[in-house]
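First the structure, in the form of structure tokens, and then the observations on it.
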Amino acid sequence: MLSRFGRGIQMLSVQPDTKPKGCAGCNRKIKDRYLLKALDKYWHEDCLKCACCDCRLGEVGSTLYTKANLILCRRDYLRLFGVTGNCAACSKLIPAFEMVMRAKDNVYHLDCFACQLCNQRFCVGDKFFLKNNMILCQTDYEEGLMKEGYAPQVR
Ligand SMILES: [Zn+2]
Ligand SMILES: [Zn+2]
Ligand SMILES: [Zn+2]
Ligand SMILES: [Zn+2]
């Protein structure tokens with residue numbers, strides 16, 4: 001799962017050696033007993049925060065995520081930059097914050113989830129069929145089966 005979303009960056013809690021380090025967050029010297037080392041920089045435990053939710057990253061887990069100069073916790077990173085997968089209908093990426101429809105292993109944009117022959121949209125409870133990875137309404141599915149000479153099989 002991690003590899004699909006880019007890799008988190010390890011944070012290390014280290015004890016400072018004799019020479020105090022400057023904090024990459026507030027630029028002051030770190031005199032605490034412990035400091036965080038991440039992205040090849042040193043940080044106060046209070047200064048390494050998620051740019052979105054302000055949580056202290058040193059507490060949330062041992063990884064942080066960066067993108068576009070933002071430092072983010074895993075949850076916000078996935079919410080903002082993660083992807084659910086490729087829409088099986090239009091094959092564009094679906095960002096993690098979008099609502100999706102799922103059918104078997106496929107995911108679809110809400111707007112793309114329609115019969116791919118007649119464009120009929122489905123409501124909750126409607127029957128839909130997957131054939132050769134195409135979404136079909138019941139009518140088109142059965143018609144397709146007739147053309148192929150099979151007896152319709154309603155699942
Ligand atoms: Zn600091
Ligand atoms: Zn966050
Ligand atoms: Zn789509
Ligand atoms: Zn149809």
Side-chain angles (χ1 to χ4, degrees), residues 4 9-60 62-66 69-73 79-155:
R4 201 166 119 208
I9 291 153
Q10 289 288 330
M11 277 178 283
L12 295 173
S13 195
V14 293
Q15 276 184 294
D17 45 35
T18 43
K19 201 167 141 267
K21 314 273 189 225
C23 167
C26 66
N27 285 321
R28 282 181 304 213
K29 289 246 185 303
I30 306 173
K31 294 179 186 139
D32 305 358
R33 253 162 61 80
Y34 291 96
L35 53 91
L36 291 171
K37 185 170 189 267
L39 305 165
D40 285 325
K41 289 172 189 152
Y42 296 91
W43 311 75
H44 289 110
E45 285 181 328
D46 282 337
C47 288
L48 198 54
K49 285 187 200 164
C50 169
C52 248
C53 67
D54 242 19
C55 64
R56 284 170 58 174
L57 291 163
E59 285 173 1
V60 180
S62 56
T63 42
L64 61 85
Y65 292 78
T66 60
N69 286 327
L70 292 174
I71 294 180
L72 296 165
C73 67
R79 190 169 56 80
L80 292 170
F81 301 111
V83 287
T84 306
N86 287 77
C87 172
C90 72
S91 44
K92 293 198 188 100
L93 280 177
I94 308 178
F97 54 81
E98 257 192 46
M99 293 275 292
V100 292
M101 293 295 290
R102 289 172 192 276
K104 293 211 175 125
D105 292 334
N106 296 336
V107 283
Y108 302 86
H109 294 108
L110 279 191
D111 288 342
C112 291
F113 196 77
C115 170
Q116 283 171 274
L117 288 180
C118 71
N119 276 328
Q120 183 202 293
R121 305 285 297 266
F122 300 96
C123 301
V124 180
D126 282 356
K127 272 209 175 84
F128 64 87
F129 298 81
L130 269 181
K131 188 162 197 291
N132 304 329
N133 248 350
M134 287 214 323
I135 316 165
L136 297 176
C137 66
Q138 186 161 0
T139 318
D140 285 318
Y141 177 73
E142 283 171 4
E143 248 171 48
L145 288 182
M146 308 267 230
K147 277 184 204 143
E148 287 169 20
Y150 299 118
Q153 263 179 353
V154 180
R155 269 181 274 167

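Counting convention: from 1, in listed order, for ligands and their atoms alike. For reference, positions follow the sequence shown, starting with 1.
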| note | Nearest heavy-atom approach of His109 to Lys92 is CE1-O, 3.9 Å
| query | Mind checking whether Phe129 and Leu145 have side chains closer than 4.5 Å, heavy atoms only? | reply | no
| task | May I ask you to list the protein N, O or S atoms found at less than 2.8 Å from the Zn ion (ligand 1)? | result | Cys23 SG, Cys26 SG, His44 ND1, Cys47 SG
| said: Tell me if the centroids of the rings in Tyr65 and Phe81 come within less than 6.0 Å of each other. | reply: no
| query | the Zn ion (ligand 3): which protein N, O or S atoms are under 2.8 Å away? | reply | Cys87 SG, Cys90 SG, His109 ND1, Cys112 SG
| field | Taking every non-hydrogen atom, the tightest pair across Asn86 and Ser91 | value | ND2-O, 3.1 Å
| said: Within this structure, what is the CD1-SG distance for the pair Ile94 and Cys112, rounded to the nearest 0.5 Å? | reply: 7.5 Å
| message | Return the CG to SG distance between Asp46 and Cys26, rounded to the nearest 0.5 Å. | response | 9.5 Å
| Donor-acceptor contact below 3.5 Å, side chain Asp140 vs main chain Cys137 | no
| Which heavy-atom pair separates Lys127 from Phe122 by the least distance, and what is that distance? | O-CE2, 3.5 Å
| Protein N, O or S atoms under 2.8 Å from the Zn ion (ligand 4) | 4
| query | Any side-chain heavy-atom pair from Thr63 and Gln10 closer than 4.5 angstrom? | reply | yes
| field | Partners passing side-chain hydrogen bond (donor to acceptor under 3.5 Å, both in side chains) against Tyr108 (at least two apart in sequence or in another chain) | value | Asn106
| request: With the side chain counted from C-beta on, respond yes when Thr84 and Arg102 share a heavy-atom pair under 4.5 Å apart, and no when they do not. | output: yes
| message | Taking the side chain as everything from C-beta on, heavy atoms only, tell me whether Leu57 gets closer than 4.5 Å to Cys50. | response | yes
| Between SG of Cys47 and CG of Asn27, what distance do you get to the nearest 0.5 Å? | 9.5 Å
